[in-house]
K.L.:
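Below is one structure. I have some questions about it.
Here is how names work: the chains are called A, B, and so on, in the same order as the sequence lines, proteins then strands, and each is numbered from 1.
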Amino acid sequence: MGTEDIEIESRNLNLWYGSAQALKDVSIPIEKNRVTALIGPSGCGKSTFIRCINRMNDLIKGCRITGKVLFEGRDVYEKDVDVVVLRKRIGMVFQKPNPFPMSIYDNIAYGPRIHGTQAKRELDEVVEDSLKAAALWDEVGGILDKPALDLSGGQQQRLCIARTLAVKPDVILFDEPCSALDPISTARIEDLINVLKHDYTIIIVTHNMQQAARVSDHTAFFLLGEMIEFGETKQIFERPVEKSTENYITGRFG
Amino acid sequence: MTRQTRERMIEALLFASAVTAVVIVLLIMVFLFKEGAPFLIRYGIHTFCLGMEWNPIAMDGEPSYGIFPMIVGSVYIAAGSLVLAVPLGLGCAVFLVEIAPPWAQALIRRGIELLVGIPSVVLGFFGLVLLVPLIRESAGGFGFSILAGSVILAIMALPHIISISADAITAVPETYKQASLALGATRWHTIRNVILPAARSGIAAAVILGMGNSIGETMAVLMVTGNTPILPEPLYDVLDPVRTLTANIVIEMNYAAPGDHREALFATGIVLFVMVAILNAISHRVLKSRMEAGR
Ligand SMILES: Nc1ncnc2c1ncn2[C@@H]1O[C@H](COP(=O)(O)OP(=O)(O)OP(=O)(O)O)[C@@H](O)[C@H]1O
Ligand SMILES: [Mg+2]
């Protein structure tokens with residue numbers, strides 16, 4: 001892969017929560033407009049890693065970081081980086097759907113409003129486009145003023161994806177986006193990810209091996225805070241180099 | 001004694017204490033209404049509540065029992081106290097939950113506890129010797145005033161408003177906050193647009209409950225408001241003295257002769273009771289609707 005295609009790259013990233021080290025010397029290159037999956041047993045640091053990328057770890061007291069996370073060649077931990085702009089460009093979808101207790105419309109318009117879009121016509125357009133892109137428009141287009149919390153779990157998660165798309169990010173981080181959903185909703189989200197990757201760089205944490213195999217181009221395997229193996233998804237699943245990767249994928253532990 | 005009989009006994013005991021509490025409340029109500037209601041009906045609820053003049057010991061002519069100026073006084077002072085205490089309390093609650101480092105949190109919580117512990121007479125005394133002269137010298141007027149009463153009541157309402165609002169804010173799920181921040185919102189934007197709206201009904205309940213408490217408060221208010229049973233003139237003049245419903249009862253109970261005068265004071269109590277009960281009911285309704293909407 002050419003370096004110009006690398007959108008995000010972590011270099012020798014270490015992270016401590018207090019005195020416990022949660023990431024050890026993690027270096028991963030993440031390609032533009034591709035899906036990168038992060039797999040590994042519970043507690044190995046996957047969520048911690050993606051929270052480093054949009055600096056959501058800043059909120060955690062006692063969290064300390066060394067190393068770099070380059071976004072378009074620039075370290076996101078540099079002093080003069082504006083986290084507001086960073087998080088606008090790197091969106092995040094959480095494990096549990098977390099729409100705001102507001103109408104569907106206001107949920108989607110929340111982000112654009114923060115970033116300065118006020119005109120009703122413009123907002124209407126963004127709301128419609130985002131809901132269409134998240135494959136939710138057909139279901140909620142007519143009930144935009146209904147509370148978002150009245151939707152089903154799967155719909156709520158697509159709403160959260162639409163809400164993220166509405167601020168027009170370049171990168172979307174998904175932290176186990178389907179773990180609270182039924183198989184049908186899961187399939188819809190996977191289809192969605194396959195479409196979205198044409199326009200966005202996507203990083204997805206998942207516990208579901210089939211899911212990683214289905215949606216991702218690259219896969220990184222984490223174990224106890226270390227990145228053990230990184231490569232093309234096909235290679236990782238068919239010919240893993242490391243023994244521990246093979247054990248994990250074949251379900252022998254974790 | 002078998003385990004079963006012991007269970008029964010404990011249940012019976014708990015039941016008895018619950019019944020006692022209810023019975024006591026009922027007895028108070030019955031007593032209040034028995035003493036005050038006949039007068040209220042005889043004199044007319046309308047003339048009583050909307051009457052402008054309170055003159056129970058008329059030298060010549062009929063005595064008059066109009067409590068409208070005192071209803072206005074009570075509502076005025078309670079509302080004034082909220083105007084002062086709500087913004088301050090809410091700001092403090094937001095700071096406490098969202099911003100303050102642990103040592104500051106501990107300090108504020110300790111301060112709130114202390115504030116709750118100050119007896120209202122002491123606060124009234126503080127008002128009498130410090131606040132009243134201060135108002136007289138800086139703003140003019142008599143010093144004993146709606147403003148003085150509102151300030152003292154605001155100080156009393158503050159700790160309750162802070163702690164109930166802080167609870168409401170704490171109860172807002174962390175996931176809302178994360179979602180907002182992840183979209184690029186600043187902390188302040190998140191507080192204003194996600195956290196406070198989500199805590200809205202809890203805060204509203206705190207405010208209404210605070211209003212009920214303020215209307216019912218007696219001692220401190222009595223000491224700083226001047227206690228003249230006349231409407232302020234002009235009506236918006238917060239430097240004018242007023243008398244509250246509670247003060248009316250305390251001041252006149254000592255010398256009210258049995259008969260109309262005494263009964264009129266009980267009737268004042270009934271009006272007060274109804275006002276506070278309505279506010280409490282509203283506050284509970286708001287809290288309940290929050291429980292039902294809260295997911
Ligand atoms: N806020 C925190 N404070 C302290 N320690 C934390 C915090 N978050 C995570 N950790 C610790 O860091 C390690 C990595 O956690 P992380 O949540 O990143 O794992 P994960 O791979 O996402 O696990 P899962 O698959 O269960 O979500 C764990 O040992 C966890 O206990
Ligand atoms: Mg995780």
K.L.:
Determine which pairs satisfy side chain to side chain donor-acceptor pair (under 3.5 Å) with at least one residue from residues 93-112 of chain B, sequence neighbours left out, and list them in order.
P.N.:
B:Glu98-B:Lys177

K.L.:
Check B:Gly184 against A:Ile114 and note the closest heavy-atom contact, atom names and distance.
P.N.:
O-CG2, 4.1 Å

K.L.:
Report which part of A:Leu59 has an atom under 4.5 Å of a heavy atom belonging to chain B: side chain, backbone, both, or neither.
P.N.:
side chain

K.L.:
Quick check on the interface: out of A:Ala166, A:Pro101, A:Cys160, A:Pro99, who has the most heavy-atom pairs with chain B under 4.5 Å?
P.N.:
A:Pro101

K.L.:
Heavy-atom count check: over 12 atoms from other residues, nucleotides or ligands less than 6.0 Å from A:Ile184 CD1?
P.N.:
no

K.L.:
So if I take each residue of residues 189-197 of chain B and look for any heavy atom under 4.5 Å from a heavy atom in chain A, which residues do I end up with?
P.N.:
B:His189, B:Thr190, B:Asn193, B:Val194

K.L.:
Could you check which of A:His115, A:Arg113, A:Lys88 has the highest count of heavy-atom pairs closer than 4.5 Å to chain B?
P.N.:
A:His115

K.L.:
For A:Pro169, is it the side chain, the backbone, both, or neither that has a heavy atom closer than 4.5 Å to a heavy atom of chain B?
P.N.:
neither

K.L.:
Give me the atom names and distance for the closest heavy-atom approach of B:Tyr176 to A:Phe100.
P.N.:
O-CE2, 3.3 Å

K.L.:
Can you tell me how far CE of A:Met92 sits from CG of B:Leu181, rounded to the nearest 0.5 angstrom?
P.N.:
11.5 Å

K.L.:
Could you tell me which portion of A:Arg163 (side chain, backbone, both or neither) has an atom closer than 4.5 angstrom to a non-hydrogen atom of chain B?
P.N.:
both

K.L.:
Identify the heavy atoms of A:Thr164 and B:Leu183 that sit nearest to each other, and give their distance.
P.N.:
CA-CD2, 4.1 Å

K.L.:
Under a 4.5 Å cut-off applied to non-hydrogen side-chain atoms, are A:Phe94 and B:Thr175 in contact?
P.N.:
no

K.L.:
Minimum heavy-atom separation for B:Gln178 and A:Met56, please, with both atom names.
P.N.:
O-CE, 3.5 Å

